[in-house]
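Here's the structure, in structure tokens; my notes come after.
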Amino acid sequence: MPELPEVETIARGLAKRVSGEVIESIWLGEKPEPLKSPAPEIAAALESTRILTVRRIGKHIVFDLVRNNLVRNNNNSNNVERAPSPAKRRKSKATPKDPTPRPAESQFIVHLGMTGRLQVCDPESEILKHTHAILKLASGRELRFVDPRRFGRLSVAPTGDFAAAGIEPLEADLDRFTPLFRNRKTPIKSALLNQKLLRGVGNIYADESLFRAGIRPRRRASTITRDQLAKLFTSVQEVLREAISLGGSSISDYVDADGEEGFFQLQHRVYGREAQPCLVCKTPIKRIVIAGRSSHYCPNCQK
DNA sequence: ACTATTTCCTGGATGC
DNA sequence: TGCATCCAGGAAATAG
């Protein structure tokens with residue numbers, strides 16, 4: 001289940017692999033699709049664009065795109081950008097290459113949901129079951145979206161239209177973190193998972209952060225003291241940074257940007273450790289359900 | 001304006 | 001062995 005650290009890892013991997021690539025054509029699977037807009041609209045918006053960068057916003061992977069203004073040959077060879085002929089170059093004066101980097105015009109936004117994966121692979125490689133989208137790239141490779149459980153989402157929007165709510169936990173400071181929980185009666189666990197408040201934290205890292213901060217997941221957000229919130233903020237950042245530095249962690253079906261299996265796993269201290277001894281005090285870890293999500297904590301270490 | 005609950009979806013695990 | 005049932009989870013939709 002990709003949360004912020006996994007998405008960050010995947011986005012970095014993709015940035016390395018597909019920045020500068022041109023999307024030549026798009027195949028989208030049968031509906032119902034994990035698409036936010038109609039398939040033809042998405043396909044049209046992606047076709048003949050160049051990927052400038054790939055980055056993470058919350059749990060979203062965002063591809064920054066520009067229209068690919070190709071110098072096309074009339075006798076129609078490949079869509080290869082070619083240097084202007086010497087004659088043309090003389091005409092077009094002293095602009096050998098565009099010195100001003102163009103701002104992104106649109107964005108391709110991918111949410112992996114639970115089981116979504118993005119692979120960069122050769123066209124010959126086997127098309128996995130549950131492949132919902134294939135983008136053919138000018139290099140000959142393909143970018144594929146595979147998602148068995150179909151919680152993932154794909155969308156395209158003009159730059160500026162996509163504005164994720166909430167603050168980035170690794171960019172915020174305590175002064176922006178603390179007010180998120182003021183006057184909230186909801187359990188702190190639910191607040192941490194609320195992407196409109198804080199973006200990127202999912203079930204696993206919420207549990208791990210609360211354990212490190214010594215706060216029970218059911219504690220009402222508004223009842224947590226300033227000091228405890230400060231501790232929680234530090235814990236959230238710590239957990240996320242550790243996981244990123246490990247390259248992202250996962251329990252089940254996680255694949256990195258290369259489509260390679262076999263990642264390492266962050267040492268979870270409470271998540272998935274029901275009934276096992278707390279690593280600090282040996283008290284058995286408890287599992288409860290909050291808002292339909294399993295939540296793990298140490299009844300002794302967390303108050 | 002909040003908060004809580006339900007819904008979507010399928011593979012893997014469990015139980016009889 | 002085979003079949004049914006349950007469970008996992010993010011976020012949108014719905015209900016309170």
Side-chain angles (χ1 to χ4, degrees), chain A residues 1-11 28-37 56-62 109-118 127-133 145-155 157 161-169 179-210 217-224 236 240 243 248-255 261 265-266 268 270-275 285-297:
Chain A
M1 324 133 204
E3 302 183 27
L4 185 152
E6 291 80 18
V7 179
E8 177 71 32
T9 302
I10 292 164
L28 296 168
E30 299 300 310
K31 58 183 167 189
E33 275 310 297
L35 304 179
K36 283 192 170 172
S37 1
R56 176 196 62 77
I57 299 180
K59 294 177 193 170
H60 300 268
I61 297 168
V62 177
I109 301 142
V110 178
H111 194 297
L112 298 173
M114 292 267 311
T115 53
R117 290 150 58 177
L118 283 167
I127 294 176
L128 299 174
K129 204 176 169 187
H130 307 297
T131 297
H132 304 300
F145 178 69
V146 186
D147 184 15
R149 228 162 286 183
R150 299 207 284 190
F151 274 22
R153 290 291 176 266
L154 308 179
S155 61
D161 276 22
F162 173 70
I167 62 173
E168 280 288 336
L180 299 178
F181 307 100
R182 203 164 285 155
N183 298 328
R184 281 190 191 276
K185 283 179 232 128
T186 197
I188 183 64
K189 169 78 182 278
S190 299
L192 287 176
L193 292 179
N194 185 343
Q195 302 296 300
K196 291 189 171 69
L197 302 178
L198 196 65
R199 60 196 196 214
V201 176
N203 204 40
I204 297 173
Y205 297 115
D207 279 5
E208 293 299 312
S209 302
L210 288 168
R218 265 214 242 271
R219 269 283 292 284
R220 302 279 142 183
S222 59
T223 69
I224 300 175
V236 168
L240 296 177
S249 81
S250 138
I251 295 283
S252 57
D253 40 357
Y254 171 62
V255 171
E261 304 271 351
Q265 212 168 278
L266 181 90
H268 301 309
V270 285
Y271 185 84
R273 299 195 62 245
E274 181 183 12
I285 299 300
K286 279 196 84 167
R287 188 184 88 93
I288 59 178
V289 174
I290 299 173
R293 300 286 161 263
S294 62
S295 305
H296 312 73
Y297 71 98

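Chain letters run A, B, ... following the sequence lines, proteins first, then strands; residues in each count from 1.
With sequence neighbours excluded, no residue satisfies side chain to side chain donor-acceptor pair (under 3.5 Å) with A:Arg184. For A:His111, the ring-ring contact (aromatic ring centres under 6.0 Å, His included) partners at least two apart in sequence or on another chain are A:His60. Taking A:Lys189 as the reference, A:Asn203, A:Asp207, A:Ser295 meet the side chain to side chain donor-acceptor pair (under 3.5 Å) condition, with sequence neighbours excluded. Partners of A:Glu8 under the side chain to side chain donor-acceptor pair (under 3.5 Å) rule, at least two apart in sequence or in another chain, are A:Arg12, A:Arg56.
Between A:Phe181 atom CZ and B:dC2 atom C1' the separation is 16 Å, expressed in whole Å. In this structure, A:Met114 places its CE atom 12 Å from C1' of B:dG12, rounding to the nearest Å. Rounded to a whole Å, the NZ atom of A:Lys196 is 9 Å from the P atom of C:dA11. As a whole-Å value, the separation of A:Asp207 CG from C:dA8 P is 12 Å. With rounding to whole Å, A:Leu197 atom CG is found 12 Å from C:dA11 atom P. Taking atom CG of A:Asn194 as the reference point, atom C1' of B:dT5 lies 15 Å away to the nearest angstrom.
When the side-chain nitrogen and oxygen atoms of A:Lys185 are compared with OP1 and OP2 of B:dA4, none of them lie within a distance under 4.0 Å. Residue A:Ser190 places none of its side-chain N or O atoms closer than 4.0 Å to OP1 or OP2 of B:dT3. The phosphate of B:dG11 (OP1 or OP2) has a side-chain N or O of A:Lys129 nearer than 4.0 angstrom.
Aromatic stacking of A:Phe151 on C:dG10: satisfied, with centres closer than 5.5 Å and planes within an angle under 30 degrees.
Closest to the A:Pro187 side chain, of the nucleotides C:dA12, B:dA4, C:dG10, is B:dA4. With B:dG11, B:dC8, C:dA11 as the choices, the nucleotide that has an atom nearest any side-chain atom of A:Pro148 turns out to be B:dG11. Distances from the side chain of A:Arg184 to the nucleotides B:dC8, C:dA11, B:dC2 place B:dC2 closest. Closest to the side chain of A:His111, out of C:dG10, B:dA4, B:dC2, is C:dG10. With B:dT10, C:dG10, B:dC2 as the candidates, the nucleotide lying closest to the side chain of A:Arg150 is B:dT10. Side-chain proximity of A:His130 to the nucleotides C:dG10, B:dT10, B:dT3 is greatest for B:dT10.
Residue-level contact check: A:Arg220 touches the backbone only, with heavy atoms under 4.0 Å from sugar-phosphate atoms and none from bases.
Side-chain atoms of A:Asp147 and A:Thr115 include a donor-acceptor pair closer than 3.5 Å.
Side-chain atoms of A:His130 do not come within 3.5 Å of backbone N or O of A:Leu128 as any donor-acceptor pair. No donor-acceptor pair under 3.5 Å is formed between the side chain of A:Gln195 and the backbone N or O of A:Gly58.
Checked for salt-bridge contact, A:Glu168 and A:Arg199 meet the test: a charged N lies under 4.0 Å from a carboxylate O.
Listed by residue number, there are no residues of residues 287-297 of chain A with a heavy-atom contact under 4.0 Å to DNA chain B.
An end-to-end axis angle of 50° holds for the helix from B:dC2-C:dG16 to B:dC16-C:dG2, taken from five base pairs per end and rounded to 10°.
The base of C:dA8 sits within donor-acceptor range of the side chain of A:Arg149, with an N or O pair under 3.5 Å.
When each of A:Arg287, A:Lys286, A:His268 is checked for a side chain to side chain contact (heavy atoms under 4.5 Å, CB included) with A:His296, only A:Arg287 meets the rule.
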